[in-house]
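Side-chain atoms are counted along with the backbone in the values below, which use heavy atoms only and exclude waters and symmetry mates. As the structure is a prediction and not an experimental result, all values here were calculated from the model.
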Amino acid sequence: MKKLNALERTYKAAANRKRLHILVFLKKKHSATVGTIAKTIGLKHQATSKHLQILESAGFLSRRKRGLFVAYRLYTPLKEVQRKVLSSI
């Protein structure tokens, strides 16, 4: 049952256009702050943070706090299902 819940969380996280934009951006840039991501995809800081939290909880992203800033990047190593999603975008 835990595996199904994790799989559902992964697919739900990837089933949003803005979150897919975030994944594509981080796939190209490798790492970026919330502010940079928000500006690039055209969302407010708060909305971007929420999307990033969802992607992090689904296993797509990891974060590192640098002073007042939080930088996100693709989580490594990705599980098979996350790799499949990223390879298709």
Side-chain angles (χ1 to χ4, degrees):
M1 192 64 149
K2 276 187 175 185
K3 190 173 183 178
L4 286 176
N5 288 340
L7 190 60
E8 179 184 26
R9 188 171 46 248
T10 298
Y11 283 117
K12 280 185 176 181
N16 178 283
R17 185 179 300 265
K18 291 295 182 180
R19 290 194 284 269
L20 287 173
H21 282 284
I22 291 170
L23 291 173
V24 168
F25 176 74
L26 288 174
K27 193 174 174 183
K28 291 177 186 174
K29 282 289 200 180
H30 302 292
S31 178
T33 63
V34 178
T36 301
I37 296 167
K39 196 179 296 183
T40 302
I41 64 171
L43 282 178
K44 292 183 179 183
H45 194 279
Q46 185 177 2
T48 303
S49 290
K50 182 66 177 170
H51 285 300
L52 290 166
Q53 288 172 357
I54 292 168
L55 288 168
E56 182 184 16
S57 73
F60 284 103
L61 304 179
S62 63
R63 66 182 169 141
R64 179 183 294 170
K65 189 166 181 160
R66 297 181 190 155
L68 298 175
F69 301 99
V70 178
Y72 284 86
R73 64 184 219 168
L74 293 177
Y75 183 80
T76 51
L78 288 170
K79 294 180 182 171
E80 183 181 348
V81 68
Q82 284 93 349
R83 270 197 318 271
K84 285 182 180 180
V85 169
L86 285 174
S87 69
S88 67
I89 57 175

Indicate yes or no: at least one non-hydrogen side-chain atom of Thr10 is less than 4.5 angstrom from one of Phe60.
yes
Establish whether Leu43 and Leu20 are linked, either directly or via other cluster members, by ILVMFWY side-chain heavy-atom contacts under 4.5 Å.
yes
Is it the case that more than 12 heavy atoms not belonging to Lys50 sit under 6.0 Å from its NZ atom?
no
Between Lys28 and Val24, is any pair of side-chain heavy atoms under 4.5 Å apart?
yes
For residues Leu26 and Ala32, report the shortest heavy-atom separation together with the two atoms involved.
CD2-N, 3.9 Å
From Ser62 atom OG to Tyr72 atom OH, the distance as rounded to the nearest 0.5 Å:
9.5 Å
Say whether Phe69 and Ile41 are linked into one hydrophobic cluster, either directly or through other cluster members, by side-chain heavy-atom distances under 4.5 angstrom.
no
Distance from Leu68 atom CG to Thr33 atom OG1, nearest 0.5 Å?
12.0 Å
Minimum heavy-atom distance Lys18-His51, with the two atoms named
CB-NE2, 4.0 Å
Within 6.0 Å of NZ in Lys29, more than 12 heavy atoms from elsewhere:
no
Measuring from atom NE2 of His45 to atom CD1 of Ile37, what distance do you get when rounded to the nearest 0.5 angstrom?
9.5 Å
So if you build clusters from Ile, Leu, Val, Met, Phe, Trp, Tyr with side-chain heavy-atom gaps below 4.5 Å, do Leu55 and Tyr11 land together?
yes
Hey, are the side chains of Leu61 and Leu74 touching, using non-hydrogen atoms and a 4.5 Å cut-off?
yes
Is any side-chain heavy atom of Leu52 less than 4.5 Å from a side-chain heavy atom of Arg63?
no
Smallest separation among heavy atoms of Thr36 and Thr40, with atom names:
O-OG1, 2.8 Å
Could you pull out the closest heavy-atom pair between Arg19 and Ala13, with the gap in Å?
NE-O, 2.8 Å
